[in-house]
Amino acid sequence: MASGSEDRERLRAEREAKAASQAARERRNRRLWQLGATLVVAAALVGAAIAISNAGKHKAVAPAKTQALFAGIPQQGIVLGNPSAPLTMMEFADLQCPICREYTVTVFPALVRRYVRAGRMKIVLEDLAFLGDDSVKAGVAAGAAGLQNKLWNFAERFYQEQGVENSGYATDAFVRHIAMGVPGLDAARLLADRTKPAVLQQIQQARAQAKALGVSDTPRFFLQRGGGRPSELQYSSFDVSQFSRAIDAALGSG
């Protein structure tokens with residue numbers, strides 16, 4: 001028969017073993033909770049990244065539709081339309097600017113169909129490329145497309161897939177993707193032409209023109225008849241009628 005001291009020793013050992021087992025379970029539970037919390041945070045971060053990524057994506061218009069908008073309209077560098085058109089509209093923009101994109105989606109196509117295609121007005125894109133590195137990358141790519149007289153097609157496609165501002169999305173791969181979505185545009189040549197002096201000078205000239213006219217934000221629009229002084233087109237919303245009234249008035253004067 002076991003002595004009292006032996007029984008006490010056995011009970012003490014059982015208590016210690018039970019306590020050790022409980023402590024181990026608690027440690028495992030804490031590790032599992034921490035792992036679960038880490039996974040939740042990671043999932044949240046991934047979800048946020050996806051949300052941010054998707055926030056900069058827009059439903060793209062089919063290349064054929066973009067091509068149809070410009071089909072048959074002359075382009076030369078930054079100019080869209082008949083060089084002899086009686087009225088010029090200067091558009092100060094940045095391809096990263098979401099408001100510029102809104103104008104391009106809601107107003108621009110109607111102006112092209114109503115005035116540019118009819119030879120009554122030409123539009124000049126003054127790309128300021130001033131919002132950040134992605135703006136500059138977009139601007140020089142558009143300028144390079146202009147060397148192939150496809151600047152407006154490229155800009156239209158870029159707006160359709162405009163990313164989150166200054167998120168680093170305007171990579172070479174992204175630019176190539178946009179360029180390849182423009183029928184007739186040589187993407188490899190565009191990528192090579194981005195550093196040409198004429199492309200860089202184009203942005204510098206746009207900024208100089210903006211400074212001369214007091215332009216510090218985008219989009220801004222100016223109308224000019226012949227060699228006259230440009231006058232700003234005032235608008236309060238992207239209602240086509242606000243633009244057409246100003247354009248019709250400018251066409252009817254002089």
Test Thr171 against Arg176 for side chain to side chain contact (heavy atoms under 4.5 Å, CB included), laying out the working first.
CA-CA 8 Å; Thr171 61; Arg176 181 186 293 275; over 6 Å; no
Considering residues, nucleotides and ligands other than Asp217, do more than 12 of their heavy atoms fall under 6.0 Å from its CG?
yes
Option passing side-chain contact (heavy atoms from CB on, under 4.5 Å) with Phe222 (candidates Glu91, Gln209, Met90):
Met90
Close side-chain approach of Val215 to Leu128, heavy-atom, < 4.5 Å
yes
Are Leu80 and Leu87 connected in the hydrophobic side-chain network, where two residues link if heavy atoms are under 4.5 Å apart?
yes
For Ser135 and Asp94, test the side chains for any donor-to-acceptor distance below 3.5 angstrom and give the result as yes or no.
yes
Hydrophobic clustering (ILVMFWY, side-chain heavy atoms < 4.5 Å, transitive) - are Leu147 and Leu190 grouped together?
no
Within a strict 4.5 Å, meaning less than it, do heavy atoms of the Val140 and Ile203 side chains meet?
yes
Checking Glu126 side chain against Ala210 main chain: does a donor-acceptor pair fall under 3.5 Å?
no
Should the pair Arg194-Asp172 be classified as a salt bridge under the 4.0 Å nitrogen-to-oxygen rule?
yes
Do Ile178 and Val199 sit in one hydrophobic cluster, given that two such residues count as connected whenever their side-chain heavy atoms are within less than 4.5 Å of each other, even indirectly?
no
Side chains of Arg114 and Val240 in contact at under 4.5 Å (non-hydrogen atoms):
yes
Which residue, Phe92, Phe238, Phe108, forms the side-chain contact (heavy atoms from CB on, under 4.5 Å) with Pro219?
Phe238
Can you name the closest pair of heavy atoms from Leu233 and Ala246 and give their distance?
CG-CB, 3.7 Å
How long is the straight-line distance from CD of Glu232 back to CG of Leu223, given to the nearest 0.5 Å?
9.5 Å
Any side-chain to backbone donor/acceptor pair from Asp133 onto Gly168? Under 3.5 Å, distance only.
no
Test item: Leu95 and Cys100 side chains (from C-beta on) under 4.5 Å apart, heavy atoms
no
Where is the tightest heavy-atom contact between Leu69 and Arg117, given as atom of each residue plus distance?
O-NH2, 2.9 Å
Close side-chain approach of Glu165 and Asp134, heavy atoms under 4.5 Å:
no
State, without any angle test, whether Gln160 and Arg157 hold a side-chain donor-acceptor pair at a distance under 3.5 Å.
yes
Rounded to the nearest 0.5 Å, what's the gap from CD on Gln202 to CG on Leu200? Could you check?
9.5 Å
In Å, rounded to the nearest 0.5 Å, how long is the span from NZ of Lys196 to CD of Gln201?
12.5 Å
Looking at Val175 and Ala141, what are the two nearest heavy atoms and their distance?
CG1-CB, 3.7 Å
Roughly how far apart are Lys122 NZ and Gln224 CD, rounded to 0.5 Å?
8.0 Å
Any Arg229 side-chain heavy atom under 4.5 Å of Leu213 side chain:
yes
CD/Gln96 to OG/Ser167 distance, rounded to the nearest 0.5 angstrom?
7.0 Å
Minimum-distance pair of heavy atoms, taken over all atoms of Glu156 and Thr104:
OE1-CG2, 3.2 Å
Mind listing the closest non-hydrogen atom pair of Trp152 and Val79 along with its distance?
NE1-C, 3.7 Å
Would Tyr103 and Phe243 count as a close aromatic pair, with their ring centres under 6.0 Å?
yes
Stepwise, does the side chain to side chain contact (heavy atoms under 4.5 Å, CB included) test hold for Leu111 with Val116?
CA-CA 7 Å; Leu111 301 186; Val116 179; 5.6 Å; no
Side chains of Asn153 and Gln75: donor-acceptor distance under 3.5 Å anywhere?
yes
Can a side-chain donor-acceptor contact be found between Asp239 and Ser241 if the only test is distance below 3.5 angstrom?
yes
Crowding at CD, Gln76 (>12 non-hydrogen neighbours, <6.0 Å):
no
Aromatic centroids of Phe174 and Phe158 separated by under 6.0 Å:
yes
Quick check for you: to the nearest 0.5 Å, what is the distance between Gln148 atom CD and Asp186 atom CG?
5.5 Å
Is it the case that one hydrophobic cluster holds both Tyr115 and Met89, taking links as side-chain heavy atoms less than 4.5 Å apart, direct or via other members?
yes
Ala187 and Met180 have their tightest heavy-atom pair at CB-CG, 3.8 Å
Indicate, with yes or no, if Val105 and Tyr159 share a hydrophobic cluster defined by side-chain heavy-atom contacts under 4.5 Å among Ile, Leu, Val, Met, Phe, Trp and Tyr.
no
Would you say that Val164 contacts Tyr169 through its side chain, given a criterion of any heavy-atom pair below 4.5 Å between the two side chains?
no
